[in-house]
Amino acid sequence: MMSSQNQRRERGLRAFAEVMTVDAPADSSPAIADGLIDFVFAEVWTRPGLSRRDRRFVTLACVAGADATPALEQHVYAALNSGDLTITEMREAVLHFAVYAGWPKASQFNMVVDAQWERIARARGDNVPPPAPLLPLATPSDPDARLRGGEAAFREINCLPFAPARDNPYSGAGILNFVFGEMWLRPGLGMKERRLITLACVGFQDAQYPIMSHVYAALKSGDVSFEEMDELALHFAAYYGWPKGSYLNQVIAEQKQRVLDEAGSAVT
């Protein structure tokens, strides 16, 4: 009879092959065999609290944010090769990541996407398909209309009754005009996927107020359920480390209670 440890190893090897679309590395070191295979793939990726596709978005943001180029190449390849993400969704994920983690890191992410998409096409004997047309944009070109749309989107997405003022470049030209006036409204990704990328990005940057506000908004909106948010904390910790994951988990507990308290007040 196979021991429980051997069963765990076999489960991890199967999960690795399914998630990464290649065989697991033949590496018996503790970091790979005991950590990556026996825990990350056997225990984390196989849990039911988040779909494999949802876990892709959290993972991609984490490995891109960690500047872990080999891991980023592997996970971009796996997400595209498996069909879990389309190339359009992947490119939108890069743009969203750029806003929340910075353009220099996103530049590397984007180059990896180009290279892995070409690798997949070559392996399949195909030409790289032309990109989807950029224009027309889905958002207004009139500056005032974009700002009004950004204000409305900021309130709706953040579950707040107010929007920032237009009176400085950061909040006006940046937050209202582009981040909420265009990016969050682009059709290439759904709201839940954008939430997952954002939560991972603010989590690994120790951005205390953004962590609180984005956890709150994701829960309050219902885009991420309480159970999914708990699972996100575990997946994030596996890919970006337990200290940062511990703080994210603490904020999640606080914001879950806040949402419950507000729901109770509304009923009474």
Side-chain angles (χ1 to χ4, degrees), residues 1-87 89-90 93-94 97 109 112-113 115-117 119-120 123-124 189-190 192-193 195-197 199-201 203-204 224-246 248-249 252:
M1 181 178 293
M2 185 179 293
S3 70
S4 59
Q5 179 59 36
N6 288 338
Q7 289 176 334
R8 190 186 195 206
R9 178 65 51 82
E10 287 299 318
R11 185 169 71 250
L13 292 170
R14 287 195 305 272
F16 185 99
E18 290 169 2
V19 171
M20 304 306 294
T21 72
V22 296
D23 290 337
D27 188 333
S28 61
S29 66
I32 300 300
D34 301 338
L36 185 68
I37 302 301
D38 288 359
F39 177 67
V40 176
F41 282 94
E43 301 292 341
V44 176
W45 277 91
T46 58
R47 288 173 59 86
L50 281 174
S51 71
R52 189 176 77 180
R53 172 180 158 85
D54 289 342
R55 292 181 187 277
R56 299 277 193 201
F57 290 102
V58 179
T59 306
L60 287 164
C62 286
V63 294
D67 304 314
T69 300
L72 180 60
E73 291 170 344
Q74 293 160 13
H75 281 284
V76 167
Y77 173 83
L80 292 171
N81 194 46
S82 66
D84 287 345
L85 273 69
T86 68
I87 187 59
E89 290 171 328
M90 183 67 80
V94 172
F97 175 87
F109 191 175
V112 168
V113 170
Q116 296 307 308
W117 186 230
R119 172 190 171 190
I120 290 167
R124 295 173 179 174
L189 278 179
K192 181 180 184 180
E193 290 82 6
R195 299 274 194 200
L196 297 174
I197 296 167
L199 288 163
C201 288
F204 66 63
V224 180
S225 71
F226 281 25
E227 294 76 14
E228 288 172 327
M229 190 66 82
D230 287 338
E231 200 63 34
L232 183 148
L234 171 61
H235 199 95
F236 173 85
Y239 277 92
Y240 216 88
W242 300 97
K244 291 180 187 288
S246 177
L248 177 59
N249 192 58
I252 288 169

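Remark: E227 engages S225 in a side chain to side chain contact (heavy atoms under 4.5 Å, CB included) (not counting sequence neighbours). Contacts of Y77 classified as ring pair (Phe, Tyr, Trp, His ring centres under 6.0 Å), with partners at least two apart in sequence or in another chain: none. Every residue two or more places apart in sequence or in another chain that forms a side chain to side chain contact (heavy atoms under 4.5 Å, CB included) with D67 is listed here: K105. Here E193 pairs with R53 under the side chain to side chain donor-acceptor pair (under 3.5 Å) rule; sequence neighbours left out. For K244, the side chain to side chain donor-acceptor pair (under 3.5 Å) partners two or more places apart in sequence, or in a different chain, are D206.
Here the shortest heavy-atom pairing between G12 and F41 reads O-CB, 3.7 Å. In terms of heavy atoms, A200 sits closest to A61 at CB-CB, 3.7 Å. Of all heavy-atom pairs between F236 and G203, the closest is CZ-C, 3.5 Å. Taking both residues in full, the closest heavy atoms of Y240 and C62 are given as CE1-O, 3.4 Å, listed atom of the first, atom of the second, then distance. Between F16 and P25 the shortest heavy-atom distance is CZ-CD, 3.6 Å.
Note that CZ of R55 is 10.0 Å distant from CD of E228, once rounded to the nearest 0.5 Å. A distance of 7.0 Å separates CG of L50 from CG of L196, quoted to the nearest 0.5 Å. The structure places CD of E89 at 9.5 Å from CG of L80, a figure rounded to the nearest 0.5 Å. Residue N249 holds its CG atom at 6.5 Å from CG of D230, rounded to the nearest 0.5 Å. Distance CH2/W45 to CG/L36: 11.0 Å, rounded to 0.5 Å.
Looking only at atom types and distance, the side chain of T46 has no donor-acceptor partner in the side chain of R14 under 3.5 Å away. A donor and an acceptor atom, one from each side chain of S51 and D54, are located under 3.5 Å apart. Donor-acceptor pairing under 3.5 Å is lacking for the side chains of Q116 and N81.
Side-chain atoms of S246 do not come within 3.5 Å of backbone N or O of W242 as any donor-acceptor pair. A distance-only check finds a donor-acceptor pair linking the side chain of R56 to the backbone of V19 [under 3.5 Å].
Salt bridge present: R9 and D34 bring a charged side-chain N and a carboxylate O closer than 4.0 Å. Look at E73 and R119 and you find no salt bridge, because none of the NZ, NE, NH1 or NH2 atoms lies under 4.0 Å from a carboxylate O.
Proximity of I197 to L60: side-chain heavy atoms (C-beta onward) are nowhere separated by under 4.5 Å. Under the 4.5 Å side-chain criterion, counting only non-hydrogen atoms from C-beta, F109 is in contact with M90. Using a 4.5 Å heavy-atom cutoff, the side chains of R195 and F57 are not in contact.
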For this session: Go through S82 and M20 one step at a time and tell me if the side-chain contact (heavy atoms from CB on, under 4.5 Å) criterion holds.
Result: CA-CA 8 Å; S82 66; M20 304 306 294; over 6 Å; no
For this session: Any chance you could lay out the side-chain contact (heavy atoms from CB on, under 4.5 Å) test for V22 and Q74, step after step, and finish with the verdict?
Result: CA-CA 9 Å; V22 296; Q74 293 160 13; over 6 Å; no
For this session: Show your working on side-chain contact (heavy atoms from CB on, under 4.5 Å) between R124 and I120 and close with a plain yes or no.
Result: CA-CA 6 Å; R124 295 173 179 174; I120 290 167; 3.4 Å; yes
For this session: Go through L248 and I252 one step at a time and tell me if the side-chain contact (heavy atoms from CB on, under 4.5 Å) criterion holds.
Result: CA-CA 6 Å; L248 177 59; I252 288 169; 4.0 Å; yes
For this session: Determine, step by step, whether H75 and Y239 satisfy the ring pair (Phe, Tyr, Trp, His ring centres under 6.0 Å) criterion, reporting the C-alpha distance in whole Å, the side-chain angles of both residues, the deciding distance to 0.1 Å, and the verdict.
Result: CA-CA 12 Å; H75 281 284; Y239 277 92; 5.6 Å; yes
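Listed by first and then second residue, the salt bridge (charged side-chain N to carboxylate O under 4.0 Å, His left out) pairs involving residues 42-51 are R8-E43, R11-E43, R47-E231 (not counting sequence neighbours).
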